[in-house]
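Worth saying up front: this structure is predicted, and the values here are computed from it rather than measured. Because only heavy atoms are used, hydrogens play no part in the values below, and waters and symmetry mates are left out as well, while side chains stay in. Just so it is clear: chains get the letters A, B, ... in the order the sequence lines come, proteins before strands, and each one is counted from 1.
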Amino acid sequence: MPELPEVETIRRGLEERVMGRMFEQVEVLLPYLIKSPSVGEFIQQLQGKKIERVGRRGKYLLFFLSGEYVLVVHLRMTGQINYVKSDEALHQKTYIILTLDNGYQLRYIDPRKFGMFFLLRLNQLNEIPGLRNMGPEPLEEEFTFGYFESLLSGKKRKIKALLLDQSAIAGLGNIYVDECLFLAAIHPERMAGELTSIERRMLFNAIKQVLREGIMHRGTSSQDYFDVEGEKGTHQEHLKVYQRKGNPCYACGTPIIRQVVAGRGTHICPQCQPEKKDAT
DNA sequence: ACGTTGACCTGTGTGC
DNA sequence: TGCACACAGGTCAACG
């Protein structure tokens, strides 16, 4: 579920609430979610650590802790982090409970049990493969048009597959990729290396715009995404193609179609996003 | 080296 | 209603 705008919304919610707090108690109800170290060490090392800052890299949440430790969390498809009073009833799908020193808990909820937790030293962060190979942050200065062009140039790969690749650009997922390609009027099966210079520029701008709007609307809630207070985002009300199959395109009225591209459900306006670039 | 496919695990929606 | 099946926002290992 959560892509960059959703994870960023969660990060902001957490930072507001848990900066400076200490983990008093750690309960792990589903051990395999802890990828490293062992569950025993995870619990023992996390207890007593203070949260100095909450960061984000792509779709990973990073809790920077005292003693140069970092708690890394990936929500995968259906993970949620709730900030609730310790005496609130437990949601049935709660698998990790982190009790803070202010009477509140961070509770990790995950119906599909796909999430990943790591506790590492600051200097070990790149031992997580997904972090080591992560591409640039698309909303930071490091993501330049020059970099984007070098990424596409000569690539015989569908543009959608490339945009979903976290080692190319950090944080894009299926929803925002479909939205970006629509905004740039590019068919998802076009080969990355064959986009015109105007199309590359359009797509570069679309990535930044779509992600910024997603954050502004506090994320897209189609079913499982909620922020730390359990609130939904509102960006689903602003989607142009994602999950609009059969509905008229806002630009031209043509019904939006859905097909599988790069192994993912993909939403396209066949009129605005033609398969082949016009030879004119 | 690169690109595509299946697996991970569970819940929900659809069609018969 | 019951049931089977497709599908779900992500990532990684295992293929060709």
Identify whether the distance between the nearest side-chain nitrogen and carboxylate oxygen of [X] and [Y] falls below 4.0 Å.
{"X": "A/Glu137", "Y": "A/Arg56", "answer": "yes"}
{"X": "A/Arg121", "Y": "A/Glu68", "answer": "no"}
{"X": "A/Arg12", "Y": "A/Glu16", "answer": "no"}
{"X": "A/Glu199", "Y": "A/Arg190", "answer": "yes"}
{"X": "A/Glu229", "Y": "A/Arg17", "answer": "yes"}
{"X": "A/Asp178", "Y": "A/Lys240", "answer": "no"}

Non-neighbouring partners of A/Arg218 that pass side chain to side chain contact (heavy atoms under 4.5 Å, CB included), sequence neighbours left out: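 For A/Arg218, the residues satisfying side chain to side chain contact (heavy atoms under 4.5 Å, CB included) (neighbours in sequence not counted) are A/Thr9, A/Asp227.
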Roughly how far apart, to the nearest Å, are [N] and [M] at atom [atom1]?
{"N": "B/dA1", "M": "C/dT11", "atom1": "P", "answer": "23 Å"}
{"N": "C/dC3", "M": "B/dC9", "atom1": "P", "answer": "25 Å"}
{"N": "C/dC7", "M": "B/dT5", "atom1": "P", "answer": "14 Å"}

Calculate the interatomic distance between [X] atom [atom1] and [N] atom [atom2]; express it in whole Å.
{"X": "A/Leu131", "N": "C/dG10", "atom1": "CG", "atom2": "P", "result": "16 Å"}
{"X": "A/Lys59", "N": "C/dG9", "atom1": "NZ", "atom2": "C1'", "result": "8 Å"}
{"X": "A/Tyr176", "N": "C/dG9", "atom1": "OH", "atom2": "P", "result": "13 Å"}
{"X": "A/Leu164", "N": "C/dT11", "atom1": "CG", "atom2": "C1'", "result": "11 Å"}
{"X": "A/Glu6", "N": "C/dG9", "atom1": "CD", "atom2": "C1'", "result": "8 Å"}
{"X": "A/Phe117", "N": "C/dT11", "atom1": "CZ", "atom2": "P", "result": "15 Å"}
{"X": "A/Arg76", "N": "C/dC12", "atom1": "CZ", "atom2": "C1'", "result": "8 Å"}
{"X": "A/Asp110", "N": "C/dT11", "atom1": "CG", "atom2": "P", "result": "13 Å"}

cation_pi(A/Arg21, A/Tyr104) dist<6.0 Å, angle<=45: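 The answer is no; the distance or angle limit is not met.
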Interface limits on DNA chain B, where chain A has a heavy atom under 4.0 Å of a nucleotide atom: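 That gives a stretch of B/dG3 to B/dG11.
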Main-chain N/O of A/Pro248 paired to A/Arg244 side chain as donor or acceptor, under 3.5 Å: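 Judged by distance alone, yes, a pair lies under 3.5 Å.
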Side chain A/Lys35, main chain A/Tyr32, donor-acceptor under 3.5 Å: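 Yes: the side chain of A/Lys35 pairs with the backbone of A/Tyr32.
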Distance test, side-chain N/O of A/Gln166 to OP1/OP2 of C/dG10, below 4.0 Å: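 False: A/Gln166 side-chain N/O out of range (4.0 Å or more) of C/dG10 OP1/OP2.
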Contact under 4.0 Å: A/His74 side-chain N or O vs C/dT11 OP1/OP2: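 The answer is yes; a side-chain N or O of A/His74 sits under 4.0 Å from OP1 or OP2.
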Parallel, tilted or perpendicular, as decided by the 30° and 60° cut-offs, for the rings of A/Phe117 and A/Phe42: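 Perpendicular, since the angle between the ring planes exceeds 60°.
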Counterpart residues, ring-ring contact (aromatic ring centres under 6.0 Å, His included), relative to A/Phe143 (two or more places apart):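 With sequence neighbours excluded, A/Phe143 shows a ring-ring contact (aromatic ring centres under 6.0 Å, His included) to A/Phe148, A/Phe204, given in chain and number order.
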Could you write out each protein N or O paired with an N or O of nucleotides 13-16 of chain C at a distance under 3.5 Å?
none

Aromatic ring proximity A/Tyr108/A/His91, centre distance under 6.0 Å: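 Here the rings of A/His91 and A/Tyr108 have centres that are no less than 6.0 Å from each other.
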Bracket notation of DNA chain B in which parentheses pair within the strand, [ ] cross earlier pairs, and | pairs with another strand (Watson-Crick or G-U, under 3.5 Å): .|||||||.|||||||
A/Pro37 side chain reached by A/Leu119 side chain, heavy atoms, under 4.5 Å: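 Heavy-atom side-chain distance check passes, below 4.5 Å.
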Atom pairs, protein N/O to nucleotides 5-8 of chain C N/O, distance under 3.5 Å:
| residue | atom | partner | partner atom | Å |
| --- | --- | --- | --- | --- |
| C/dC7 | O3' | A/Arg258 | NH2 | 3.0 |
| C/dA8 | OP1 | A/Arg258 | NE | 3.3 |
| C/dA8 | OP1 | A/Arg258 | NH2 | 2.3 |
| C/dA8 | OP2 | A/Arg258 | NH2 | 3.1 |
| C/dA8 | N3 | A/Arg112 | NH1 | 3.1 |

